[in-house]
Amino acid sequence: MAQALGYVTKNEVGNFQGTLNLGGTSRINIVANDNKESEKQPDFRIVDARGQELGGGWFKTGEVSGKEYISLTFAHPTLGPRKVYANLGQAYGKEADEFAILWNPQDD
């Protein structure tokens with residue numbers, strides 16, 4: 001079952017601000033990558049309050065729903081050796097501009 005790792009709010013220019021709960025609560029920003037030069041580069045950069053990059057986000061399209069969503073990958077030494085994968089999803093019972101960072105843990 002999916003777990004919320006944090007919550008963000010989308011602002012008027014399409015970026016997100018909120019909190020991430022991975023080994024402690026951190027303020028984060030998910031900002032558009034305006035300098036994207038190839039498809040492999042993320043559509044968004046995830047940065048903490050100090051400006052350290054924590055990962056990236058890519059636009060994806062759901063196989064069943066056909067709806068666009070943002071897939072997130074967190075990778076930083078403070079998180080350990082493994083990447084953490086999550087998606088931005090509409091936060092249940094919240095306003096239209098509020099999103100949950102949803103992690104669906106899987107056994108390796």
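Residues take their numbers from the sequence shown, with the count starting at 1.
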Side-chain heavy atoms of [X] within contact of [Y], under 4.5 Å:
| X | Y | value |
| --- | --- | --- |
| Glu98 | Tyr7 | no |
| Ile46 | Leu20 | no |
| Leu54 | Val47 | no |
| Gln17 | Thr9 | no |
| Ile70 | Phe16 | yes |

[X] and [Y]: which non-hydrogen atoms are nearest, and at how many Å?
| X | Y | value |
| --- | --- | --- |
| Tyr69 | Thr61 | CE2-C, 3.8 Å |
| Lys36 | Pro42 | CD-O, 3.8 Å |
| Tyr85 | Trp103 | O-CD1, 3.1 Å |
| Ala96 | Gln90 | O-OE1, 3.2 Å |
| Glu37 | Gln41 | N-OE1, 2.5 Å |
| Ile101 | Ala86 | CG2-CB, 3.8 Å |

Interatomic spacing from CG in Asp43 to NZ in Lys60 - rounded to 0.5 Å: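 Rounded to the nearest 0.5 Å, the CG-NZ separation comes out at 9.0 Å.
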Rounded distance [0.5 Å steps], CD in Glu53 versus CG in Asp48: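 It comes to 10.0 Å.
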Test applied, side chain to side chain contact (heavy atoms under 4.5 Å, CB included); reference residue, Thr19; option that passes from Leu5, Thr25, Ile28: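 Only match with Thr19 under side chain to side chain contact (heavy atoms under 4.5 Å, CB included): Thr25.
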Give me the one residue out of Val84, Asn87, Leu102, Leu88 that meets side chain to side chain contact (heavy atoms under 4.5 Å, CB included) with Leu72.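 Of the listed residues Val84, Asn87, Leu102, Leu88, the side chain to side chain contact (heavy atoms under 4.5 Å, CB included) partner of Leu72 is Leu88.
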Quick check: is Phe99 connected to Phe59 through a chain of hydrophobic side chains (ILVMFWY, heavy atoms under 4.5 Å apart)?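 Per the 4.5 Å side-chain linkage, Phe59 and Phe99 are co-clustered.
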Main chain of Ala32, side chain of Asn15: is a donor-acceptor contact present, judged purely on distance under 3.5 Å?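 Yes, because the side chain of Asn15 sits within donor-acceptor range (under 3.5 Å) of the backbone of Ala32.
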Do Asn21 side-chain atoms and Gly24 backbone N/O form a donor-acceptor pair below 3.5 Å?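 It does not hold such a pair.
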Counting only heavy atoms not in Lys83, do more than 12 fall under 6.0 Å of its NZ?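 Incorrect, the count does not exceed 12.
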Just wondering, more than 12 heavy atoms not from Glu68 lying within 6.0 Å of its CD?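 Yes, enclosed.
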